[in-house]
Amino acid sequence: MVRERIEELRRQLELHNFKYYVENAPEISDFEFDAMMRELQDLERAHPEYADPNSPSVRVGSDLTAEFRTVKHRYAMLSLGNTYSLDELHEFIGRIEREAGATDYVCELKFDGTAISLTYEHGRLVRAVTRGDGVEGDDVTANVRTVRTVPLRLRGTDWPDLFEIRGEILMPYASFDRLNAEREANGEQLFANPRNAAAGTLKQQSSAVVARRGLDCTLYQLAGDELPFSSHWESLEKARQWGFKVSDAARICRSVAEIDAFIEHWDTARRRLPFPTDGVVIKVNDFAVRRQLGFTAKAPKWAVAYKFKAERAATRLDSVSFQVGRTGAVTPVANLEPVLLAGTTVRRATLHNAEQMAQLDIRPGDTVYVEKGGEIIPKIIGVDLAQRPADSRPFEYITVCPECGTPLVRYEGEAKHYCPNQSGCRPQIIGRIIHFIRRKALDIEGLGEETVELLYENGLVRDVADLYDLRAEQLAPLPRLGEKSADN
Ligand code: IVH
């Protein structure tokens with residue numbers, strides 16, 4: 001009786017989890033979902049004999065302790081040939097058709113995350129392994145279990161008893177922005193892009209941390225000894241039925257013109273997607289044709305990636321401000337009219353140094369082009385001279401430190417200006433302390449960037465050594481600190 005109820009709850013929760021996270025079409029309220037989950041957790045606690053590592057209640061599993069185990073892939077995880085050129089893509093298609101005749105292709109988005117291979121036995125997730133070097137990867141099963149769109153148990157019954165499915169672990173922009181905002185507040189190093197953040201998160205030692213980071217998983221390729229399909233398209237449709245998240249952007253294309261149209265559409269439409277993509281993957285659909293074409297040493301001859309060029313946008317340069325780093329180096333920063341670029345709103349861009357600014361002859365009021373590669377801060381790559389206001393004047397670089405007024409210096413062979421006032425310039429002092437307490441150096445708990453600023457403003461620290469002389473009664477009266485954190 002209890003056992004049946006537990007099974008029923010697990011089935012229901014898997015189903016509604018699927019409807020909510022994969023189909024984006026919940027049929028019950030969060031409240032009802034939570035109530036079922038609580039009932040299941042209570043029953044499981046009372047009846048440990050019915051425990052199951054694949055129960056929806058244990059998505060956040062035990063924390064990993066040691067390093068990750070290395071696992072050999074049953075089928076190697078190959079890479080894809082790639083190109084930025086439509087001409088090259090057309091040649092690639094030409095070669096295929098000379099060898100195999102006219103054939104169908106499946107065009108998919110190229111998801112910009114980190115590759116994962118999931119193994120299912122008897123419809124249950126048993127292993128999740130990173131790509132690693134393609135031959136073997138890290139066993140990150142406990143972490144992947146926390147990803148809501150990864151089914152722990154499959155729907156239906158017509159899956160092979162043993163198969164692997166590959167796809168991409170992605171970090172949606174919303175999760176990425178939230179994560180970096182949190183890290184900034186804690187004085188932690190920011191992730192440069194959602195791809196690095198997704199890969200870094202998968203290697204976390206705590207699956208509870210992974211669970212909070214909001215990862216997603218999209219699947220795009222099956223592997224197995226006896227897959228019951230004759231085409232890729234068929235396998236994608238089945239995977240979808242079994243409960244995997246399979247992108248609905250995929251299309252069958254029957255000609256170069258249809259492939260080109262797919263690319264052209266997504267080159268702009270991808271800007272509206274909630275997660276990052278960096279191209280399109282074109283794959284031969286028919287498995288018999290794939291077998292005929294075979295592989296090179298590294299990649300299949302039946303698939304290729306067409307990569308989008310980095311996104312650019314035009315906007316106005318409102319003003320230039322200057323940041324002084326912990327070493328005294330001065331960096332000019334462009335303040336821009338906010339513009340949407342690669343899924344995030346860009347308000348600032350780096351200008352590197354005086355020389356670069358002079359080379360671009362960049363001036364406030366100019367219309368400038370910004371480009372976002374893999375970096376956190378986008379860069380300005382050019383000026384639209386045709387739109388320059390008539391009264392515009394060349395920009396004059398600053399000669400004194402914007403923070404402390406000390407005349408700037410330029411050292412032999414260095415492109416940047418420096419403020420030489422190491423012992424009296426606020427951002428240099430604070431920057432040095434923050435650098436010292438960062439996670440990788442001292443890892444002082446509860447001491448972030450804001451607290452260091454607070455201590456500095458109140459005359460309590462001028463250098464790292466001062467941190468060790470702090471007493472609780474000096475800290476307690478400070479705003480936002482209170483007795484407990486002062487003691488800590
Ligand atoms: S198929 C043998 N499809 O791109 C081909 N890969 O450069 C297996 N990727 O490691 C890959 N989106 O991480 C395929 N729709 C897609 C993809 C995709 C992203 C990644 C994947 C792979 C890399 C190859």
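Just so we're clear, the structure is a prediction, and the values are computed from it rather than from any experiment. Below, all heavy atoms of this structure are taken into account, side chains as well, without hydrogens, waters or symmetry copies.
The backbone N or O of Leu454 sits less than 3.5 Å from a side-chain atom of Asn458, completing a donor-acceptor pair. In this structure, the side chain of Thr296 engages the main chain of Ala299 through a donor-acceptor pair within 3.5 Å. Looking only at distances, no side-chain donor or acceptor of Thr218 sits under 3.5 Å from a matching main-chain atom of Val246. The backbone N or O of Cys419 sits less than 3.5 Å from a side-chain atom of Gln428, completing a donor-acceptor pair. Checking side-chain atoms of Arg148 against main-chain N and O of Arg145 turns up no donor-acceptor pair under 3.5 Å. The main-chain N or O of Leu317 is never found under 3.5 Å from a side-chain atom of Asp366 such that the two would form a donor-acceptor pair. The closest donor-acceptor contact from the side chain of His90 to the backbone of Ser85 lies at 3.5 Å or more, if one exists at all. When atom types are taken as modelled, the side chain of Thr114 and the backbone of Ile169 share no donor-acceptor pair closer than 3.5 angstrom. In this structure, Asp384 contributes its side chain and Tyr369 its backbone to no donor-acceptor pair below 3.5 Å.
Centroid-to-centroid, the aromatic rings of Tyr411 and Tyr418 come within less than 6.0 Å. Under the 6.0 Å cut-off for aromatic ring centres, Phe244 and Tyr120 qualify, their centroids lying closer than that.
Annotation: the span from Asn186 atom CG to Glu450 atom CD amounts to 9.0 Å, rounded to 0.5 Å. One distance of note links OG1 of Thr345 with OH of Tyr173; it measures 12.0 Å at 0.5 Å rounding. Atom CG of Leu475 and atom CG of Leu455 lie 6.0 Å apart (nearest 0.5 Å).
Applying the salt bridge (charged side-chain N to carboxylate O under 4.0 Å, His left out) test to pairs two or more places apart or on separate chains, those with a residue in residues 197-214 are Asp138-Lys203. Note on residues 397-422: pairs passing salt bridge (charged side-chain N to carboxylate O under 4.0 Å, His left out), not counting sequence neighbours, are Glu355-Arg410.
Contact check for Ser117 versus Arg131: no side-chain heavy atoms found under the 4.5 Å cut-off. Contact of the Leu215 side chain with the Met171 side chain is registered, since non-hydrogen atoms from C-beta on lie closer than 4.5 Å. Side-chain contact check for Val129 versus Lys72: every heavy-atom pair is 4.5 Å or farther apart. Residues Leu236 and Glu108 have side chains in contact (heavy-atom distance under 4.5 Å, counting atoms from C-beta outward). Between Val324 and Cys401 the shortest side-chain heavy-atom distance falls below 4.5 Å. Between Pro56 and Leu40 there is a side-chain heavy-atom pair separated by less than 4.5 Å. Using a 4.5 Å heavy-atom cutoff, the side chains of Arg326 and Ile434 are not in contact.
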*Start with the C-alpha gap between Leu478 and Thr451, add the side-chain angles, then the distance that decides, and say whether side chain to side chain contact (heavy atoms under 4.5 Å, CB included) holds.*
CA-CA 10 Å; Leu478 299 181; Thr451 312; over 6 Å; no
*May I have the step-by-step check of side chain to side chain contact (heavy atoms under 4.5 Å, CB included) for Leu13 and Phe33, ending in yes or no?*
CA-CA 7 Å; Leu13 286 164; Phe33 186 93; 3.7 Å; yes
*Is there a salt bridge (Lys or Arg N to Asp or Glu O under 4.0 Å) between Asp112 and Arg270 once you walk through the steps?*
CA-CA 12 Å; Asp112 197 10; Arg270 73 192 182 103; over 6 Å; no
_Working note: Ile362 + Val320, criterion side chain to side chain contact (heavy atoms under 4.5 Å, CB included); need CA distance, chi angles, decisive distance, verdict._
CA-CA 10 Å; Ile362 195 167; Val320 177; 6.0 Å; no
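Between the side chains of Thr141 and Arg127, no donor N or O sits under 3.5 Å from an acceptor N or O. For the residue pair Ser321 / Asn335, a side-chain donor-acceptor distance below 3.5 Å is found, with atom types taken as modelled. With no hydrogens or angles considered, no side-chain donor-acceptor pair links Glu136 and Thr70 at under 3.5 Å.
Residues satisfying the salt bridge (Lys or Arg N to Asp or Glu O under 4.0 Å) test with Glu44, not counting sequence neighbours, are Arg10. Every residue two or more places apart in sequence or in another chain that forms a ring pair (Phe, Tyr, Trp, His ring centres under 6.0 Å) with Phe322 is listed here: Tyr397. Residues forming a salt bridge (Lys or Arg N to Asp or Glu O under 4.0 Å) with Glu337 (at least two apart in sequence, or on another chain): Arg316. With sequence neighbours left out, the side chain to side chain contact (heavy atoms under 4.5 Å, CB included) criterion links Asp463 to Ala465, Asp466.
Of all the heavy atoms in Gln41 and Ser57, the pair that sits closest is CG-CB, 3.9 Å. Heavy atoms only, all atoms of each residue included: Ser423 and Ile429 are closest at O-CD1, 3.5 Å. Scanning both residues, Ile282 and Cys107, for their nearest heavy atoms gives CG1-SG, 4.0 Å. Residues Phe111 and Glu168 approach most closely at O-OE2, 3.1 Å, considering heavy atoms. Pairing each heavy atom of Phe68 with each of Leu202, the nearest pair is CZ-O, 4.0 Å. What you find for Arg348 and Val346 is that their closest heavy atoms are O-CG1, 3.5 Å.
Here the rule is side chain to side chain contact (heavy atoms under 4.5 Å, CB included) with Arg124, and of Asn54, Thr119, Leu152 only Asn54 fits it.
The environment of CD in Gln422 is sparse: at most 12 heavy-atom neighbours from other residues, nucleotides or ligands sit within 6.0 Å. The environment of Glu184 atom CD is sparse: at most 12 non-hydrogen atoms of other residues, nucleotides or ligands sit within 6.0 angstrom. Within a 6.0 Å radius of CG in Asp469, other residues, nucleotides and ligands contribute more than 12 heavy atoms. The environment of Arg240 atom CZ is dense: over 12 non-hydrogen atoms of other residues, nucleotides or ligands sit within 6.0 angstrom.
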